[in-house]
Protein chains: 2
Amino acid sequence: MSERSQETDAFADVCNQLRNHAYKLTPQRQTILKIFLEQGSGHLSAEEIYQLVKPHYPDIGLATIYRTLDILADLGILQKNDFGDGRSRYEFSRRDEHHHHHLICLRCGSVSEFDDDLLESLETMIAKRNKFKVVDHVLKFYGYCSKCQEELKRDV
Amino acid sequence: MSERSQETDAFADVCNQLRNHAYKLTPQRQTILKIFLEQGSGHLSAEEIYQLVKPHYPDIGLATIYRTLDILADLGILQKNDFGDGRSRYEFSRRDEHHHHHLICLRCGSVSEFDDDLLESLETMIAKRNKFKVVDHVLKFYGYCSKCQEELKRDV
DNA sequence: TTGATTGCAAAATATTTGCACGTCA
DNA sequence: TGACGTGCAAATATTTTGCAATCAA
């Protein structure tokens, strides 16, 4: 199966999810979705999505972007992240994907991803010890990416 | 040693840290610090701190609160947290304390804490595998606290 | 047809900044 | 004394909301 048809499948899949929840399938929502599918693994802010959508749909309003992102995040189609730069950042979260987390570079601000499996045992333990029912977790590592480590070595 | 003198020690300690970094020890800064020492383990927002400080120092401005919190967080005296409610929340971080993380209740918004030690091996692995130099990490579990679990059982 | 959705503008919220004045060291 | 710190008000930045018009189902 080609990459293209995988994308198409994901698109159809999300459209169905919207319909199942009685949300209407407006061209604005479709355009926003396509942006995420094209971007692959970006961490986009509302403003960035707005700029990317505008060429395809010039009349769209920023409020629609926010409202759509809210819905898609509620449905679990997008993951809403906070990387500490004062705005929320969204990424497409494929259903079959492992839960992944982020490595955030304190120097250049780049965000990369890593998978976790090891966290699950910790999660179980926490739940028992604190009588807390865990439904989600967020793990972020702050530090320096390899590129910045090189540059710091060179400059200082 | 009494609780009172422990507090006093911590206060003197922070004052020294400020002096060492050539920051002036203004009454505003001292008042803000005392609030944190009195609060113990609260997760306070700038606005909340403002309200708590005002009775002790009525003329203080909100901007001073923000500026002071910035400095104290930079020095590692306070920990700046984001619990997803749209404002930053600060807590006093005692130097000898284990790194701790948060359990955030999705129903009532309460935040409790837990210690981690197990995360360190994961951190080492991540660093090796991704050539990323980790200097800090944040781990948050979202779910339902025991009180809300009870109430959900009863109501639904 | 009709309730959901949209664009726009205004509002709300949190935080930052410019500046004249005050004060800690 | 003099650089640092402060209060105030205004500016920013992000996100939310009210509303009349529009559109998907």
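Each chain gets a letter, A, B and so on, in the order its sequence line appears, and its residues count up from 1. What's counted below: heavy atoms across the whole structure, side chains too, no hydrogens, waters or symmetry copies.
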Using the six-membered ring wherever Trp is involved, compare the ring planes of B:H43 and B:F83 and label them parallel, tilted or perpendicular (cut-offs 30° and 60°). perpendicular
Which part of the nucleic acid does B:E47 contact within heavy-atom distance under 4.0 Å: base, sugar-phosphate only, or nothing? nothing
Any donor-acceptor N or O pair under 3.5 Å, side chains B:H137, B:E123: yes
Please determine if a side-chain N or O atom of B:Y66 lies less than 4.0 Å away from the OP1 or OP2 oxygen of C:dT16. no
Classify the angle between the aromatic ring planes of B:F114 and B:F141 as parallel (below 30°), tilted (30 to 60°) or perpendicular (above 60°). tilted
Hey, is NZ on A:K133 packed in by over 12 heavy atoms from elsewhere, all under 6.0 Å? no
Do any side-chain nitrogens or oxygens of A:Q28 fall under 4.0 Å of OP1 or OP2 in C:dG7? yes
Send over the distance from B:Y50 OH to D:dG7 P, rounded to a whole Å. 9 Å
Quick one: does any side-chain atom of B:E113 pair with a main-chain N or O of B:H102 as donor and acceptor, under 3.5 Å? no
Separation of B:R89 atom CZ from C:dT13 atom P, in whole Å? 15 Å
Nucleotide D:dT6, atom P - distance to CG of B:D70 in whole Å: 12 Å
note: B:I65, atom CD1; C:dT17, atom C1'; distance rounded to Å ~ 17 Å
Could you check how far CG of B:N81 sits from C1' of C:dA14, rounded to whole Å? 17 Å
Salt bridge between A:K80 and A:E91, side-chain N to carboxylate O under 4.0 Å? no
Below the 4.0 Å mark, does C:dT5 have OP1 or OP2 next to a side-chain nitrogen or oxygen of A:R29? yes
Between atom CD in A:Q51 and atom C1' in D:dT14, what is the gap in whole Å? 15 Å
Could you check which of D:dT6, C:dG7, C:dT15 has an atom nearest any side-chain atom of B:L62? C:dT15
Between B:N16 (CG) and C:dA25 (P), how many Å, whole number? 12 Å
With a non-hydrogen cut-off below 4.0 angstrom, is B:S88 in contact with a base, only sugar-phosphate, or nothing? sugar-phosphate
Go through B:Y90 and B:Q79 one step at a time and tell me if the side-chain hydrogen bond (donor to acceptor under 3.5 Å, both in side chains) criterion holds. CA-CA 5 Å; B:Y90 300 79; B:Q79 200 182 106; over 6 Å; no
How close or far is atom C1' of C:dT15 from atom CG of B:L44, stated in whole angstroms? 17 Å
Distances under 3.5 Å between nitrogen or oxygen atoms of protein and nucleotides 17-25 of chain D:
{"unit_1": "D:dA25", "atom_1": "OP1", "unit_2": "A:L25", "atom_2": "N", "d": "3.1"}

